[in-house]
Each structure stands twice: as C-alpha cells, then as structure tokens.
Visitor: 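One structure is given below, represented as structure tokens, and several questions about it will come after.
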Amino acid sequence: MSEGLIAEQVRRRRTFAIISHPDAGKTTLTEKLLLFSGAIHIAGSVKARKATRHATSDWMEIEKQRGISVASSVMQMEYRGCVINLLDTPGHQDFSEDTYRVLTAVDAALMVIDAANGVEAQTLRLLEVCRARGTPIITFVNKMDREVREPLDLLDELERTLGMTPVPFTWPVGMGKSFGGVFDIQAASMRVFKAGADRAGTAPEIIEGLDNPAILERFGSDFTKARDEIRLVTDASEAFDRERFLAARQTPVFFGSAINNFGVQEVLDAVVDLAPAPMGRRALQRFVEARESKFAGVVFKIQANMDPAHRDRIAFVRLCAGRFTRGMALKVTRTGKSIKPNTVVTFLSQRRELADEAYAGDIIGIPNHGTLQLGDTLTESEPLQFTGLPFFAPEMFQAVEVADPLRSKQLKHGLAQLGEEGAIQVFRPFTGGLLLLGAVGQLQFEVVTHRLAHEYGVAARLMPTRHTLARWITAEDERELKRFIEFYPGRIAYDAVDAPTYLASHSSELRVAESEWPNIRFHALREHAGLVFQTSLSG
C-alpha cells in the first residue's frame, strides 16, 4: 500500500489514555465514551460488587470483586469516521508503573478531575509523565451532579498546579441537585440530559444561544450565574491555540457528570476534533514517520490469562508506522528472529476480534509464548529500536514461597508470566534461596497472590525481607562489575531479564557502595529496550 493511502488511514486514528486519581470517575467515563460511540449498548456498574454487569474495562476477577481497576485495558471503537484507540489505566498509585508504560503508547491523554477534590496527588504524578513526553492533555472535571467546588476555583487551581493554561470549552449550569447540564462555549448552546440514563439512542435536548430567554426561564439563577462566569472566563482567558495544546502548554477543559451522561458527548467530540493523529517516533537509529509504508511497532504491555480457560499471554503492540496485515512476517529486533502471527486481535477490553489489518496508532494483540518481551520492537525488516518504556526500582520487597511444595513448578511458572507482564518485579538472589518480589505499592502484592491462587492454582506465602530499596548496576568494565557482585553476593539479585540489581536495607548502605565503587553506576530506572538505563523519567 502506498504512503498516501496509509497516511489517509493514519489521519483517521486517535490513540489516547484516560488518567486520574482513584475514584475520580475514570472507569465510569470510559464506559460512557464507549456507550456514546456505539461500541456498547448499556453501561456497566463499577461500584456494585454483586451486580451482574461490570465495567467493560474491568475484566479481571479481582477488579470485579473490589470495584477497582488494577490493570490497564484497551478498547477500540469507531466514531465520526475516526478509529479511536482508548486505553484505560489503573488509577491507584500502586499500579503507576503499568500506567507509565501505557502512556508511552498514546498520542494524547484525557485527565479526569473530581470536582469536589480538585487536582490530587496521583493526577499530578501522571501529569508529570505526560509533560515529560510532551503529551497533549484534555481535562474533564467530573461529578458536577454533586455539591462540589466552584468552577472558577477549580479553573484557578488547574492553572496553578498543572503549569498549563486551562481553556474552558464547556461550563456547568448549577451543581448538585440543581445541576442542569453543560453549556458548550464554542457552539454557544446548552446540552440538556436526563439524569441516570445509561442507554444510547435518545437524542439530546439542545437549546441555542447564551442569551436565549428559554434557558434563563428554565434554569433561573443557576444559568444567570453560569452566564456571568462564561463571559468572565472568555474575556480573561487566552484563546485556544492548537499548537500550544499540542505542546502541552494549554488544556481544553470540559465539565460534566459521567455517571449521568452530562458532558460526555462533548469530550468524545473533543477527542476527534482536538487530539492529534498518530505522530512520528524517534528510534535509536532514526526518526520514524507514522505514514511510512513499512510496519514498525513496539510491545508496551503483556497480559497473561485474559482468557483463563486457555492460559493465554497477549503482547500489546502499538503500531508506530505503516500497515499491519494478518500473516505478515515481523522481525523481533532484540533477537533477530522472525514471527508470522496469524491470530492477531483488536480489543474491546477482554473481548477480541481477529484483525485483518491495522495502521499506525492502532493497538493490536499478538498471542505470545515467551517470544516477545516488554519493550520489544517489531519491524518488517529494518533493525529499529524504540525506547522509553520504563521500569522503576521497587520500593517494597517480599520473599515468596509456595504453601504446597508440590506446586513449586506452578509457582515459578506463574511468577515468570506475571513478572513478564510487569505486574510485579521478580528477583532471583545471586546466592540462591527464595525468590524476591519487588513492588511500588502493597496492593501489588495482594493482586499477585490473588492471581497466583485464581489463575495458576498456587497458594503463595509472602514474608518480609530486610531489603528496602534496589538499584540496577552497570559498569563500563565488565570485570569491575563482576568484582562488585562477588564483593556483595548477599545483596545481588537478577531480575526477569537477568539485569544485575543491588539490594540494600537502608539508604546509607547505598551511599557507602556508591562512594567506595565510583566505577559502578547505580540506576533507579531501567528501560527494557536494549537495557538502556536512566536516572529520571525525562533523562
């Protein structure tokens, strides 16, 4: 296929992630975006643990039981002639590593803010990742159907804390029980909804004009207040500038209530109208344009047991360039081996469809039995290597053993797969003994033990260790690295890709090692691709 035809398909793609602090309503908004696009016909409940419906994006058993998202999920839908790839990320900070990796696969982010709580800690952490990558951000202020903070206060906080200029595209009329809808500032019209509707197909009621007496008569003082605020912010705020938005210096702001469908349509339209089509990406060798004719993609996520009945493993690949067709030969740059996948799929969370073709910006799933690893680059032939997929040094450690010694093989198999997908980091001590699990947060340990029991039939016991921090180690002189490892055998372990790691029980131990071994480099961040090490996200 010519570059012109590929470029036309690429222009139709929008690939974005939804990010937020826990409980801001991210998963609910995801459901409603699917609903309004026509991808699903009835929205699931994310709160009622005993409900028969669950959120489309929450497919793991533990997610259904707890009503939380602990793994990112991918959903593809078509809307207004565009193919939209939506990635729902875990909001809980214990799973931030999965979220960071997902953010490497998108061209834009939709940030959800709880209107009662404003900008929260996890939101800021995720925002920093987006800003480091220059990812443009659309903001949705959720839960306006509750008694929340004043929209002007929220707008001011957004500007102060986000370091970018908020440009309101919609404005709420009332809040809480008197919340009547949102006024579309760009279109000068108000979209009115009935609260609680969770089915698609009903045409919304739209009233035109900021000075329309029909709106004033219907919503009274709430609309008078909203109209005055709209005039104030449009006069005081800078105009929307697409280039500043794409450079992550401006964020368009939308208000609404995802649970009641208020403002969802506007956000979905904004993704199509404002979010960029897939852009080129830099590989170690050169800059790769999305519209190029040759296929190039990167594995940013691996998920085990999406279909527990078949014990499958799926490698999620973001197409960075060109076109994929089923059965085409792909080269794994890391190993030099070729694969010819015939059962490649696209996603609606756990549901899948065979993919005959895909283009830059799309997310495809390749069944994987250990051939592919996180960070692998796939091409038609050229030896490219995309970078930027982060692994963070764990902050918590537990030793793991199996309750039934006869299940030791299953434990190693389960941990190998869960470590491969990045759900937990697994370390093999240099001197032997029990495997060590490393995590960013305690909830990761709980999820892994739950998944070992329910997906692999292994009851695992976790025990505390003396380790509190880890650093990957490298040296220009391999003999120097070997001497260091032999000097500290009890503090060395190897991770899933056999990268040597120094474990310490206190930060002072690390400082001493750094001082006494100046030729050893200690890294808090590892990139899987090519084992490129960094010390910070933006480094």
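The basis for the numbers below is simple: all heavy atoms, side chains too, and nothing from hydrogens, waters or symmetry mates.
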Visitor: Scan Val298, Thr333, Ile366 and name whichever one has a side chain to side chain contact (heavy atoms under 4.5 Å, CB included) with Leu378.
Guide: Ile366
Visitor: For residues 74-87, which residue pairs pass the salt bridge (Lys or Arg N to Asp or Glu O under 4.0 Å) check, not counting sequence neighbours?
Guide: Arg12-Glu78, Arg80-Asp269, Arg80-Asp273
Visitor: Indicate every side-chain donor-acceptor pair of residues 106-114 with a distance under 3.5 Å to a residue at least two apart or in another chain.
Guide:
residue: Asp107; atom: OD1; partner: Arg318; partner atom: NH2; Å: 3.3
residue: Asp107; atom: OD2; partner: Arg318; partner atom: NH1; Å: 3.1
residue: Asp107; atom: OD2; partner: Arg318; partner atom: NH2; Å: 3.3
residue: Asp114; atom: OD1; partner: Ala116; partner atom: N; Å: 2.8
residue: Asp114; atom: OD2; partner: Asn117; partner atom: ND2; Å: 3.3
residue: Asp114; atom: OD2; partner: Lys143; partner atom: NZ; Å: 3.3

Visitor: List the residues meeting side chain to side chain donor-acceptor pair (under 3.5 Å) with Arg286, not counting sequence neighbours, and say none if there are none.
Guide: Glu292, Glu382
Visitor: Quick one: list whatever passes side chain to side chain contact (heavy atoms under 4.5 Å, CB included) with Glu8, sequence neighbours left out.
Guide: Leu5, Arg11
Visitor: Who are the side chain to side chain donor-acceptor pair (under 3.5 Å) partners of Thr104, not counting sequence neighbours?
Guide: none
Visitor: Considering residues at least two apart in sequence or located in another chain, which fulfil the side chain to side chain contact (heavy atoms under 4.5 Å, CB included) criterion with Glu150?
Guide: Asp153, Met175, Lys225, Glu229
Visitor: Quick one: side chain to side chain contact (heavy atoms under 4.5 Å, CB included) partners of Thr468, sequence neighbours excluded?
Guide: none
Visitor: According to side chain to side chain donor-acceptor pair (under 3.5 Å), who are the partners of Arg133, at least two apart in sequence or on a separate chain?
Guide: none
Visitor: Which residue pairs pass the salt bridge (Lys or Arg N to Asp or Glu O under 4.0 Å) test when at least one of the two sits in residues 241-252, sequence neighbours left out?
Guide: Glu238-Arg244
Visitor: Which pairs, with at least one residue in residues 133-170 and sequence neighbours excluded, count as a ring pair (Phe, Tyr, Trp, His ring centres under 6.0 Å)?
Guide: Phe169-Phe240, Phe169-Phe254
Visitor: Might you point out which heavy atoms bring Ile137 and Pro252 nearest each other, and give the distance in Å?
Guide: O-CD, 3.5 Å
Visitor: Return the set of residues passing side chain to side chain donor-acceptor pair (under 3.5 Å) with Thr139 (not counting sequence neighbours), or none when no residue passes.
Guide: Thr251
Visitor: Considering residues at least two apart in sequence or located in another chain, which fulfil the side chain to side chain contact (heavy atoms under 4.5 Å, CB included) criterion with Ala470?
Guide: Pro394, Phe397, Thr501, Leu503
